[in-house]
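Here the structure is a predicted model, which is why all the values come from computation and not from measurement.
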Amino acid sequence: MLLPMGTIVWVEIDAEAPDWNLRQLRSCSSGRRLFCAVVKGNAYGHGVEEMVRLLPSADWFGVNSLDEGLQLRQLGVERPILLVGHVELDRLDEALDADLRLTVYNGKTLSVLRELAGPERPARLHLMVETGTWRQGVPPEEAVAFAREALSIPGVELEGVSTHYANIEDTLNHNYANAQLERFREAVELLAQAGIDPPVKHTACTAATILFEKTHFDMFRAGVGIYGLWPSRETYLSAISSGRPVPELRPVLSWKTRVAQLKEVPAGSYVGYGCTYRTTRRTLMAVLPVGYADGYDRALGNRAWVLVRGRRAHLMGRVCMNLIMVDVTDVPGVSLEDEVVLLGRSGDEEITAETMADWAGTINYEVVTRISPLLTRKVVGSRGEG
């Protein structure tokens with residue numbers, strides 16, 4: 001596989017995996033629902049430009065910010081785009097001009113839309129209901145009044161109503177999620193009694209998509225699963241114990257670099273800043289040109305492993321801004337500019353995002369999302385160039 005000239009730290013994207021994962025998630029439902037593929041945060045660190053091309057089965061795309069939505073339009077995306085975050089009041093006109101769906105919960109947003117929207121400039125809105133996550137949203141008892149205010153604006157279509165679960169991933173006890181679902185149903189029923197029936201009801205994140213068909217409504221709104229990552233161990237355990245088919249998710253991303261220097265380090269030598277690591281033997285050390293500026297978490301210092309020629313090599317010392325050092329004494333034949341796998345598979349060995357998250361004391365979402373957007377994303381496989 002040929003890489004762009006000068007590429008020394010890069011990300012590889014499996015061309016077949018994203019749409020495979022999407023179709024696996026869709027198979028969790030007995031009916032045909034819309035699928036909103038969430039590509040916020042540079043597609044969870046995978047590269048939004050690459051990912052939207054690899055998701056032909058997605059009906060919609062979901063993003064957090066206006067700028068993310070505008071980026072998708074600039075990339076030529078014509079499918080519906082749902083903004084789930086706040087849009088600044090003085091930029092709402094940009095959202096309407098780009099035909100972006102807006103998630104709404106602030107009365108002030110409606111006031112500004114009253115001045116902007118109209119039959120020639122429609123506003124397609126999704127009402128977010130607060131059911132217990134206590135982030136964005138309108139309380140169920142206020143949903144009807146809010147919806148009526150929105151519908152009183154010429155050019156406004158109340159296209160959707162949604163909520164988001166607080167505790168569906170990180171637990172084997174789903175009582176809280178079920179209570180949230182009931183509050184959402186109550187809000188939908190109150191809207192129906194008032195003659196308001198938004199056609200796109202959606203609550204299902206990846207975990208809900210896999211575990212609970214009763215959360216599916218009209219559209220999935222899934223993110224982490226399309227990247228081949230399980231939301232949590234608890235989600236996976238719940239899935240395999242549920243008796244329902246368990247989707248086969250394929251990791252989309254590999255993260256790689258090259259050996260930038262090899263050197264012999266005497267026994268008893270301190271390696272890196274702070275003298276936190278000391279060799280106990282004569283050590284062959286590889287210097288790798290990746291660090292926390294690239295998203296390689298500083299908490300991985302002295303804890304992580306990388307893969308060199310299919311063997312594990314331990315990280316020595318602290319993670320620097322642009323460098324890490326690893327022990328390759330036991331890796332036969334290691335050479336300058338050998339490929340090194342930071343995240344992914346080499347031979348029979350694999351370092352997963354979940355493993356790296358355990359080392360860093362975080363979650364797999366953060367591991368991939370923090371990978372620098374400045375790094376080259378290389379699509380490999382039959383849909384890609386590799």
Looking only at side chains, do [X] and [Y] share a donor and an acceptor under 3.5 Å apart?
X    : Y    : value
R114 : S152 : yes
E213 : S30  : yes
T355 : T352 : yes
D327 : T329 : yes
Q180 : T133 : yes
N302 : T276 : yes
T235 : S238 : no

Check the angle between the aromatic planes of [X] and [Y] and answer parallel, tilted or perpendicular using the 30° and 60° thresholds.
X    : Y    : value
F217 : F184 : perpendicular
Y227 : Y44  : parallel
H86  : Y105 : tilted

Test: R303 cationic atom under 6.0 Å from W359 six-membered ring centre, within 45° of axis: no
Check D338 with R258, please: is the shortest side-chain N to carboxylate O separation under 4.0 Å? no
Can any side-chain N or O of R311 pair as donor or acceptor with the backbone N or O of D330 at less than 3.5 Å? yes
Just checking [X] against [Y], ring centres under 6.0 Å apart?
X    : Y    : result
Y165 : Y176 : no
H216 : H202 : no
W60  : H126 : yes

Apply side-chain hydrogen bond (donor to acceptor under 3.5 Å, both in side chains) to the pair T163 and T203, showing each step before the final yes or no. CA-CA 5 Å; T163 196; T203 75; over 6 Å; no
L307 vs R312, test: side chain to side chain contact (heavy atoms under 4.5 Å, CB included). Steps then yes/no. CA-CA 5 Å; L307 304 180; R312 291 201 170 206; 3.7 Å; yes
Which atom of V287 lies closest to which atom of M285, heavy atoms considered: CG2-CE, 3.9 Å
Before giving the answer on side chain to side chain contact (heavy atoms under 4.5 Å, CB included), spell out for I81 and R73 the whole-Å C-alpha distance, their side-chain angles and the decisive distance to 0.1 Å. CA-CA 9 Å; I81 298 171; R73 290 292 187 230; 3.4 Å; yes
